[in-house]
Student: 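Encoded as structure tokens, here's the structure I'll be asking about.
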There are 2 protein chains.
Amino acid sequence: MARSTRESILTAAAELMRSRGYAAVAMKDVAAASGAPIGSLYHHFPGGKLQIAREALVNAGVAYGQLIPTLMAPHDDLGVAIEAAFGQAAEDMAATGFANMCPVASVAAETADTVPELRETTAGIFTGWLDGGADYFRSRGLAPDAARDLIVALVGALEGAFVLARTLRSTEPLLVAGRALADGHRGVPLTAQPRLPLDDVANASS
Amino acid sequence: MARSTRESILTAAAELMRSRGYAAVAMKDVAAASGAPIGSLYHHFPGGKLQIAREALVNAGVAYGQLIPTLMAPHDDLGVAIEAAFGQAAEDMAATGFANMCPVASVAAETADTVPELRETTAGIFTGWLDGGADYFRSRGLAPDAARDLIVALVGALEGAFVLARTLRSTEPLLVAGRALADGHRGVPLTAQPRLPLDDVANASS
DNA sequence: GTCTATACCATGATAGAC
DNA sequence: GTCTATCATGGTATAGAC
């Protein structure tokens, strides 16, 4: 998966932030989890912890940005697609012992008021998801405004349900959120169109 | 507002956790914000930082648990009530410069995998919200299962939209989430019944 | 590019005078 | 019950040998 030292540091950091957020992750932990000694972290990332976090979040953000279109792809009814996507998320979460699937929201909630660089980074990732998702739904036949509202509601409901599910150790919040959102969209057709969404998230790894 | 030293410590801690989460809040900061010296924190809370966090979260959780019923109270159409509640949340958030309204979700996301005592505390708070909210909606005429699903979807959508709104510094996620959830419930009547929901959150200040 | 040793600082927590 | 001084620890980051 991650071959170079640089990559293994980033994946280790993303993994740790996924379950601990930002402040509670120590450089020592990243070093141990990646197998690289502390000095190597600062060799590859002169910007220190902040730079590692930003790059790790952007990487994870791009990966998760593909997720919603991927889950929607096999369906041609919007309501069915939404419910299936949340059902899949619930299965994944239960299978991983209720570890959060994505570090972006945790770090965003923790640092939006205190670490401007991380707020900007997470905001860029969210914006990429929303723009990419809206483009995707438009490419499958939805009206521009409907596509935008749908992806905003979807991402918000998903992130909120994740927090509840993780804390309560239950899939109920994900399943209920999926049903609630699906109810408003049953019978809406998704046209077949294999266009991939763009990922214009990357503006943090400079 | 908070007169005793104990109370001022708890409100200061809740305020700090609201914007920084748990790990990034230092006891020194709580002391400074509350006006009490460090020694007093440990005098009133022998359990240290963890005890302060738990009690502060429970206090904040009870307060926020009142919020949804309060916002729903003046309406008699469920769809209208939902949209108004999210609109009110959006206004409050914009008015406070996009500071998160509630420390529970931030701390829950950050500590669900790492600090068992805080996961239990936040889970208890969430459970109180869900049980209390379901009771409230039942008291206003909804079927038991519908009431439960509604409050789960509502709390999840609200928490997720908060994270997005705070990070993007925009009210759009709250407004869109409110509209999306309201759409499935327009025309559903809320019966007039002035019963207050129970708060059975408290099991952490032992 | 890898790795160790270490500087320097902030942290949670305590002891004990008042 | 209030407040100060301080401890031990763990944090980020750096220096410099290899």
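All chains are named by letter (A, B, ...) in the order of the sequence lines, taking the proteins before the strands, and each is independently numbered beginning at 1. Heavy-atom basis, side chains included; hydrogens, waters and symmetry copies ignored.
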Student: How close or far is atom P of C/dT11 from atom CG of B/Leu16, stated in whole angstroms?
Tutor: 12 Å
Student: Take B/Glu55 and B/Asn59 through the side-chain hydrogen bond (donor to acceptor under 3.5 Å, both in side chains) test and state the conclusion after the steps.
Tutor: CA-CA 6 Å; B/Glu55 294 198 28; B/Asn59 280 8; over 6 Å; no
Student: Looking at A/Thr5, I'd like to know whether one of its side-chain N or O atoms comes within less than 4.0 Å of OP1 or OP2 on C/dT2.
Tutor: yes
Student: With distance as the sole criterion, is a donor-acceptor pair present between the side chains of A/Thr114 and B/Arg20 under 3.5 Å?
Tutor: no
Student: Kindly indicate whether a cation-pi arrangement holds for A/Lys49 with A/Tyr42, taking the cut-offs as under 6.0 Å to the six-membered ring centre and within 45° of the axis.
Tutor: no
Student: Check this for me, if you would: do A/Asp145 and A/Arg148 make a salt bridge, where the nitrogen-to-carboxylate-oxygen distance has to be below 4.0 angstrom?
Tutor: no
Student: Looking at the side chain of B/His44, which of D/dT2, D/dG11, C/dT2 is the nearest nucleotide?
Tutor: D/dT2
Student: Measure the distance from CZ on B/Phe45 to C1' on C/dT14 and round it to the nearest whole Å.
Tutor: 18 Å
Student: To the nearest 0.5 Å, what is the distance between CG on B/Leu67 and CH2 on B/Trp129?
Tutor: 9.0 Å
Student: Could you tell me whether B/Val30 contacts a base, only the sugar-phosphate backbone, or nothing, with contacts defined as non-hydrogen atoms closer than 4.0 Å?
Tutor: nothing
Student: Name each donor-acceptor pair under 3.5 Å that joins a side chain in residues 158-167 of chain B to protein atoms two or more places apart or in another chain, with its distance.
Tutor:
from     : atom 1 : to       : atom 2 : distance (Å)
B/Arg166 : NH1    : A/Asp113 : OD2    : 2.9
B/Arg166 : NH2    : A/Ala109 : O      : 2.1
B/Thr167 : OG1    : B/Val163 : O      : 2.8

Student: Nucleotide by nucleotide, 5' to 3', does protein get under 4.0 Å of the base (B), only the sugar-phosphate (S), or neither (-) in nucleotides 13-18 of chain D, counting heavy atoms?
Tutor: BB----
Student: Could you tell me how far apart A/Lys28 (NZ) and C/dC9 (P) are, to the nearest whole angstrom?
Tutor: 21 Å
